[in-house]
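Read through the structure below, which is laid out as structure tokens, and then see the notes.
Lettering of chains follows the sequences in order, A, B, ..., and the numbering in each one begins at 1.
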Amino acid sequence: MKKFKEQLSGRVFFALALSSISALALITVFIIANGAPLIADVGVVKFIFGMEWAPSRGEFGIFPMVIGSVTVTLGAAVIGVPIGVCCSVFLAEFAPKAMSTIFRPAIQLLAGIPSVVYGFWGLIFVVPAVRNLFGGPGLSILTGSIILGVMILPTVISISEVSILALPRQYKEGALALGMTHWQTIYAVMIPAAKSGIVAAVILGIGRAIGETMAVIMVLGNAVSVPESILDPVRTLTTNIGIEMGYASGEHQQALFATGIVLFVAIMILNSFAQYITRRK
Amino acid sequence: MKLTPAQSEKIARTVIWAAALLVIGLLSFIIVYILVKGLPVINVQFLTDNPRSMGRTGGIASSIVGTFMVTVLAIAIVIPFGIGTAFYLAEYTKGNMLTRVIRFSAESLAGIPSIVYGLFGFIFFVIYLKLGWSILSGGLTLAFMILPTVIRTSEEAILAVPLIYREVSFSLSATKWQTISRVVFPSALLGIVNGIILSIGRCVAETAAVMLTAGLALGMPTSIFSPTRTMAVHFYVLAMEGISTENAFGTAALLIVLILLINVVANTLVNRFMAKGR
């Protein structure tokens, strides 16, 4: 009986452990099976670089959305990464104990706030602020970048902090013993040593920004056109799916799955890259 | 002009403190603003009435019930798979090809955007398995989405159990299963529960994935096959279509209160778990 239980439990755990592989396989298969036929019909190049998105006329080119995703994500990185890295240095090196006991749960909370709430807050505050300060409709790349910049902070902060804290103590002690100031130690020794972790944090943050839907749907204006400035409205790959999935059918629906494939592939590349960087050591 | 080390130290310190205070300030601002605008809307009627005329008036009772059902279902489905995988990774193998593939899959799942989970859930559960827009489809989709979180947090909790516990158990001639079920699992339980609670938070907050799988129906759900509109989705529709700013704020405030509660409980658990480990 004992032996039977022993064998059974081992097998059950093994079977359960296959769940994540099966889940990933199922998702990959079903997304690709429903989107690939349309990409094959239209042609990969014409689908990704086509300028015309008019489902009613059978025109499926997602290039304006690709540009939308890339610009908003880069904007989010420009805003979120410096602040995030500063915060991780703050947590690892500068924060007094009382501050870090508040700061860590606060970052966790920042990650827990629903993305629709960020979007709503953006719609009510950031959109009018951008409109009044810089002109334009307010629903713009800049607005989306600000919201996403805030939303990627938890990812950037927690992963960078872990990589800074993981450094051997001798690095810091050695640098300080050579007479470097605290900041020189951080800047010239610790950040370069933690570089791979920080880069992974940035990549995962970028992945979050590309994948975010509900927050940006509310503040980007969602116009399908190539933007001329950061004050123009855009549509991203994610918002394209979020807006049109509700009523799409037939070829149009397939085109949205095809948009999903592009998104999926981009995220998988970014993630694999981040995993590669963190494992290399 | 060149900065002296003392000057650059001062500037760097100021910038870093400013960044930290900015983030804390922003977070407090978002939360306080939503609560100030939304809490006055919440009363007994708001919590117990169903939405009327598309949510323009009435409360959000059916959305609360729908959110609860979707979340409970997702958690119930994910628990055996997530915790089982964690035990397999932590106790049954030492890094080989298979564990590398499992870890790669879990980390990839963690990075997949929720809208892609929504697309998958829609085509697989709603259409292919013919479950329709329902609480079941929504719960299953969310279970896929939170699986990597549960695996990671459970594995961390299991690995945090000191090795000596296992050694003592084996030395008393306990089998592997006995050791895991009676020694390791109870010691890791608080940490595992913490991960589950954080996943509850993700389910409650999720919008894109449930919108495409559980639907937008406003009626009170009667079974797991009923479609429903969760609170986050309801809030999105109210705000986006400008149906009722007042009710939108009320729903948002309730969401924020829930997320705050979930985070407080999770943190208390973590602190207890850490204290126990020492």
Would you mind checking which part of [X] comes under 4.5 Å of any heavy atom in chain B, side chain (CB onward), backbone (N, CA, C, O), both or neither?
X	result
A/Met180	neither
A/Gln253	side chain
A/Leu153	side chain
A/Ile31	side chain
A/Ile83	both
A/Leu256	backbone
A/Ile27	both
A/Val150	side chain
A/Leu26	both
A/Met218	both

Most heavy-atom pairs under 4.5 angstrom with chain B, which of [options]?
options	answer
A/Gly242, A/Gly211, A/Pro114	A/Pro114
A/Ala17, A/Ala111, A/Gly246	A/Ala17
A/Leu91, A/Val89, A/Ile124	A/Ile124

- So, for B/Trp17 and A/Phe90, is the gap between ring centers shorter than 6.0 Å? yes
Relative to chain A, which segment of [X] carries a heavy atom at a distance below 4.5 Å: side chain, backbone, both, or neither?
X	answer
B/Leu21	side chain
B/Tyr117	side chain
B/Leu258	neither
B/Ile102	both

Please find the pair of heavy atoms, one from [X] and one from [Y], that lie closest to each other, and give the distance.
X	Y	value
B/Val116	A/Phe264	CG1-CD1, 4.1 Å
A/Ser9	B/Tyr92	OG-OH, 3.6 Å
B/Tyr88	A/Phe14	OH-CD1, 3.2 Å
B/Leu119	A/Gly260	CD1-CA, 3.9 Å
B/Leu27	A/Ala106	CD2-O, 3.4 Å
A/Cys87	B/Val23	SG-CG2, 3.6 Å

- Message: With a sphere of 6.0 Å drawn around OH of A/Tyr247, does it hold more than 12 non-hydrogen atoms of other residues, nucleotides or ligands?
- Response: yes
Determine the option with the most heavy-atom pairs under 4.5 angstrom with chain A, choosing from [options].
options	answer
B/Ala239, B/Ser108, B/Ala252	B/Ser108
B/Lys176, B/Glu206, B/Glu91, B/Gln178	B/Lys176
B/Leu260, B/Ile123, B/Leu98	B/Ile123
B/Ala19, B/Pro5, B/Ala20	B/Ala20
B/Ala6, B/Ser8, B/Ala266	B/Ser8
B/Gly82, B/Gly121, B/Pro80, B/Gly201	B/Pro80

Rounded to the nearest 0.5 Å, how far apart are [atom1] of [X] and [atom2] of [Y]?
X	Y	atom1	atom2	value
A/Phe13	B/Thr85	CZ	OG1	10.0 Å
B/Ile30	A/Leu110	CD1	CG	6.5 Å
B/Ile16	A/Glu93	CD1	CD	9.0 Å
B/Ile151	A/Leu16	CD1	CG	10.0 Å
B/Ser114	A/Met214	OG	CE	8.0 Å
A/Trp183	B/Arg13	CH2	CZ	11.0 Å

Under a 4.5 Å cut-off applied to non-hydrogen side-chain atoms, are [X] and [Y] in contact?
X	Y	value
B/Ile31	A/Leu109	yes
B/Phe29	A/Trp121	yes
B/Phe104	A/Ser272	yes
A/Val12	B/Trp177	no

- Message: Taking B/Ala208's backbone N and O only, do any of them form a donor-acceptor pair with A/Thr213's side chain (distance below 3.5 Å, no angle check)?
- Response: no
- Item | A/Gln108 side-chain N/O to B/Asn263 backbone N/O, donor-acceptor pair under 3.5 Å | no
- Item | Ring geometry between A/Phe30 and B/Phe120 (parallel below 30°, tilted from 30 to 60°, perpendicular above 60°) | perpendicular
- Task: Please work out which of the three classes, parallel, tilted or perpendicular, describes the rings of A/Phe125 and B/Tyr33, given edges at 30° and 60°.
- Result: perpendicular
- Item | B/Ile259/A/Val117 under side chain to side chain contact (heavy atoms under 4.5 Å, CB included): CA gap, chis, key distance, verdict | CA-CA 12 Å; B/Ile259 299 293; A/Val117 171; over 6 Å; no
- Message: Using the side chain to side chain contact (heavy atoms under 4.5 Å, CB included) definition, which of the options A/Ser20, A/Ser22, A/Ser19 pairs with B/Phe81?
- Response: A/Ser19
- Message: Side chains of B/Glu107 and A/Asn271: any donor to acceptor distance under 3.5 Å?
- Response: no
